[in-house]
Engineer: 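Mind looking over this structure? Questions follow.
These figures come from a predicted structure and were not determined experimentally. Counting starts at 1 for both ligands and their atoms, following the listed order.
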Amino acid sequence: MEFTKFAESVKLRRVHDGIHNILLFIGEDPEREGLKETPFRMIRSWKELFSGYKQNPADVLKVFAEGACDEMVILKDVEFYSHCEHHFLPFFGKVHIGYIPNKRVVGVSKLARLTEIFARRLQIQERMTAQIADSLMEHLEPLGVMVMVEAVHFCMTSRGIQKQNSKMITNAIRGIFLNNIDTRNEFLQTIKGGF
Ligand code: ZN
C-alpha cells in the first residue's frame with residue numbers, strides 16, 4: 001500500500017515536471033503566481049477529460065427486451081468534447097445515433113454515456129464514429145446502426161489554416177443501413193429536421 005502510494009507520487013511528480021518544462025518551452029515562467037498551480041490543475045482536468053480509457057462500453061450498454069420496437073430509434077445532438085491525437089487539441093460537436101432494434105433496446109442515456117467513453121480519449125473523429133457504431137453492433141446486436149458526427153477541430157480553426165466555420169462530418173454505417181437507401185434517408189431526414 002505504502003509503495004503504491006509512493007509509486008503514484010513519483011508518477012505525478014514526473015507529469016508535473018513535464019508540464020513545468022512545457023511551460024518553460026513556450027517562453028513562460030512556471031514559478032509566477034498564476035502558473036504555480038497550473039500543472040496540478042491540468043493533471044486534475046486530464047483525469048476527467050481522458051476518463052474514457054478506464055471505462056468499458058459493455059458496462060454501459062445494458063439492453064432490455066421489454067418495450068422493444070422494430071422501428072428506427074434515433075438520438076440526435078449528443079454533445080461531445082474530445083481531443084485530436086495528432087495535435088492534442090480539442091475537437092467537439094455533436095453525435096447522432098440511429099439504430100433498428102432486433103428485439104432489444106438500450107436506455108437512451110446509455111447512448112450518450114457510450115459517446116463519452118470514446119470521446120474522453122485521444123481520438124481521431126473517424127475512429128470515434130466507427131467505435132460508437134461497432135460497439136452498438138456488438139453489444140446490442142441490432143439490425144443496423146448509423147452514426148454521424150459533426151465536429152469543429154481546433155487544430156484546423158486555431159492554427160494557420162484559419163477555417164473558422166468548417167465542420168468535419170463522418171459517418172459509420174452498419175448492417176441494414178448499408179444496403180437500404182430509404183433507411184439511411186430516414187435517419188438523415190430526422191437528424192436534419194427540428195422539432
Ligand atoms: Zn488535429
Engineer: Tell me whether the centres of the aromatic rings in His86 and Phe88 are closer together than 6.0 Å.
Structural biologist: no

Engineer: With rounding to the nearest 0.5 angstrom, report the CG to CD1 distance, Asp182 to Ile176.
Structural biologist: 11.0 Å

Engineer: Side chain to side chain donor-acceptor pair (under 3.5 Å), that's the test. Do Glu116 and Gln55 meet it? Break it down for me.
Structural biologist: CA-CA 9 Å; Glu116 291 269 280; Gln55 292 172 281; over 6 Å; no

Engineer: Please list, in chain and residue-number order, the protein N/O/S atoms closer than 2.8 Å to the Zn ion (ligand 1).
Structural biologist: Cys84 SG, His87 ND1, Cys155 SG

Engineer: Please check if the distance between the ring centroids of Phe118 and Phe50 is under 6.0 Å.
Structural biologist: no

Engineer: Check this for me: Phe25, atom CZ, are more than 12 non-hydrogen atoms of other residues, nucleotides or ligands nearer than 6.0 Å?
Structural biologist: no

Engineer: Would you say Glu28 has more than 12 foreign heavy atoms packed within less than 6.0 Å of its CD?
Structural biologist: yes

